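Heads up, the thing below is written out as structure tokens.
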Amino acid sequence: MAPEKELVKLIGFWASPFVLSVRWALKLKGIEYEYQEENLLKKSPLLLQYNPVYKKVPVLLHNGKPLLESLFIIEYIDETWKHNPLLPQDPFERAKSRFWAKFAHEKCIGPMIKAFFKIGEEQEKCVKEACEHLKILESGLEEGKRFFGGETIGFVDIAVAWMGCWARIVEEVLNVKLIDEEKMPRLIAWFKNVVEVPMLKECMPPTQKLLEHNIRFRKLLVAAAERHQSSPLTGP
Amino acid sequence: MAEELKLFRTWSSPFALRVVHALKIKGLEYETIFEDLSSKSASLLQYNPVNKKVPVLVHNGKAICESLVILEYIDETWKQCPLLPRDPYEKAKARFWAKFGDEKLFSSIGNVLISQGKEQEEAIAAAVQNLKLIEEQLQEKKFFGGETIGYLDIAFGWTANLISILEEIMDLKLVDEEKFPVLSAWMHNFSDDPVIKQCWPPRDKLVVKFQAMRESHLKTVLSQ
């Protein structure tokens, strides 16, 4: 029986790694979708309608129903299109995957993003926190496995492994060190294994463009801080 | 084979309480290990080396951490009395609101506890706004899960327990029955459920704990 025409639309932003991870999931499942690029400085009525709480991308629309938060969107995709499973079947392995994806998002990516909005001592604190947690993240990777779960790409890989590329950009823009080649070899190898997968590589935004975008973005943040007394850059 | 099920918790952790609720609803037998977080046991550090926190559920020697992750594990392992909706879209919505509860609502309620004067007024306004968003999710239902308690009820359960305690300590009203008719009704229904009722930590102990927390924070602010 031929499936009904599924209407899948992704509202995204080209430089967002969270949008990228959803694109990866859609790609791995071979799902056709329409893409709408957002101007984050002038958000569309559609975005504000479907994500009134956070007003953020990605938003996945499936037959008109909005899915929010990249990790939950990826799980939704996995549960709705059951071929090429992204999460393991075993509940304990699933719990491990959810745990590490959550840890990476909250404890590694969170401080990395925060560092971008900070200067001086506050920034140093965020960078230190991110580094410590990256080391812990590495401890969650099992020796000898190409991807998080083994030989097949899965949930944690697409939810997290883009972090290697973005960390390098943060390092360059802020002139800080996040990823230590000597201290985190397994982490670096894992990042590489994932982003080198051809199907995923072709979705990556161009590194130079990404770098220029983030340099501009950082300049905007610094300029805003210099104009105003209190801002995310100078506040606690 | 006998199941070995152990829960590491503290007497007051609302996150650990979620796991207690889930285990009770599923009718599961388990051993409780009460932790003193100022002096963590070797077992806790072994089972949760990453965060070193409670709750940790140990099932046949395998440790699962993070309360919301544990809830999903319990629901997927023991299929009676399902907690999460079956429909993937409803499931995604439940996960979204549980995360909102932990990230936005929890901290906004906490901010009310640790502030006073104008700062507290602003904190209250923010908390009320977040509570309104939660209430909207209930619509006309008895529970977030529908007719029976589910994942999102358990995830929000701490509000039914702790908000009234904070209101008592600070002599103010956050969840007014007139302004929050649906949420108030839910809090009563949830708290009165026989399974949930038997698990609440001692109220007087919680009052003392949060009173102390408030005083300590305000003292710190004053001394800065």
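Bear in mind the structure is a predicted one, so any value in this text is a computation, not a measurement. Every chain is numbered from 1 and lettered A, B, ... according to where its sequence line falls, protein lines coming before strand lines.
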**Asked** What heavy-atom pair brings B:A63 and A:F92 nearest, and what distance separates the two atoms?
**Response** O-CE1, 3.3 Å
**Message:** Check this for me: B:E147, atom CD, are more than 12 non-hydrogen atoms of other residues, nucleotides or ligands nearer than 6.0 Å?
**Reply:** no
**Request:** Assess whether side-chain contact (heavy atoms from CB on, under 4.5 Å) is satisfied between A:V53 and B:W97, documenting all intermediate values.
**Result:** CA-CA 10 Å; A:V53 176; B:W97 286 107; 3.7 Å; yes
**Message:** A quick test of your reading: do over 12 heavy atoms of other residues, nucleotides or ligands sit less than 6.0 Å from NZ of B:K118?
**Reply:** no
**Fill in**
Applying a strict 4.5 Å limit to non-hydrogen atoms, the region of B:N51 in contact with chain A is side chain
**Message:** Is it true that, when you exclude A:K192 itself, more than 12 heavy atoms of the residues, nucleotides or ligands shown sit nearer than 6.0 Å to its NZ?
**Reply:** no
**Asked** Quick one: CG on B:D87 to OH on A:Y76, what's the gap to the nearest 0.5 Å?
**Response** 7.0 Å
**Prompt:** What part of A:P66 lies closer than 4.5 angstrom to a heavy atom of chain B: side chain, backbone, both or neither?
**Reply:** both
**Prompt:** chain A heavy atoms under 4.5 Å from B:K104: which part of the residue, side chain, backbone, both or neither?
**Reply:** side chain
**Message:** Using heavy-atom distances under 4.5 Å, tell me whether B:K62 contacts chain A through its side chain, its backbone, both, or neither.
**Reply:** both
**Asked** Within a radius of less than 6.0 Å around CD of A:E181, do more than 12 heavy atoms belonging to other residues, nucleotides or ligands occur?
**Response** yes
**Asked** From B:K99 NZ over to A:H105 NE2, what is the distance, rounded to the nearest 0.5 angstrom?
**Response** 8.5 Å
**Message:** Once rounded to the nearest 0.5 Å, what's the spacing between atom CH2 of A:W100 and atom SG of B:C65?
**Reply:** 9.0 Å
**Message:** Need one label for A:K96: side chain, backbone, both or neither, based on atoms under 4.5 Å from any heavy atom in chain B.
**Reply:** neither
**Prompt:** When you look at NZ of B:K173, are more than 12 heavy atoms from neighbouring residues, nucleotides or ligands closer to it than 6.0 Å?
**Reply:** yes
**Request:** Measure across A:A95 and B:I64 and return the closest heavy-atom pair with its distance rounded to 0.1 Å.
**Result:** CB-CG2, 3.8 Å
**Prompt:** If you draw a 6.0 Å radius around NZ in B:K132, do more than 12 non-hydrogen atoms from other residues or ligands fall strictly inside?
**Reply:** yes
**Message:** Just verifying a value: how many Å separate A:E93 CD and B:Y73 OH, rounded to the nearest 0.5 Å?
**Reply:** 10.0 Å
**Lys/Arg N to Asp/Glu carboxylate O, A:R98 vs B:E72, below 4.0 Å** = yes
**Item:** Candidate pair B:F96 and A:Y54, rule ring-ring contact (aromatic ring centres under 6.0 Å, His included), full reasoning
**Value:** CA-CA 11 Å; B:F96 174 87; A:Y54 293 112; 5.6 Å; yes
**Prompt:** Near B:Q129 CD, under 6.0 Å, is it more than 12 heavy atoms from other residues, nucleotides or ligands?
**Reply:** no
**Chi angles and distances behind the salt bridge (Lys or Arg N to Asp or Glu O under 4.0 Å) call for A:E79, B:R95** = CA-CA 14 Å; A:E79 287 160 9; B:R95 287 171 177 147; 3.1 Å; yes
**Prompt:** Should the heavy atoms of other residues, nucleotides or ligands under 6.0 Å from CD of B:E177 be counted, would the total exceed 12?
**Reply:** no
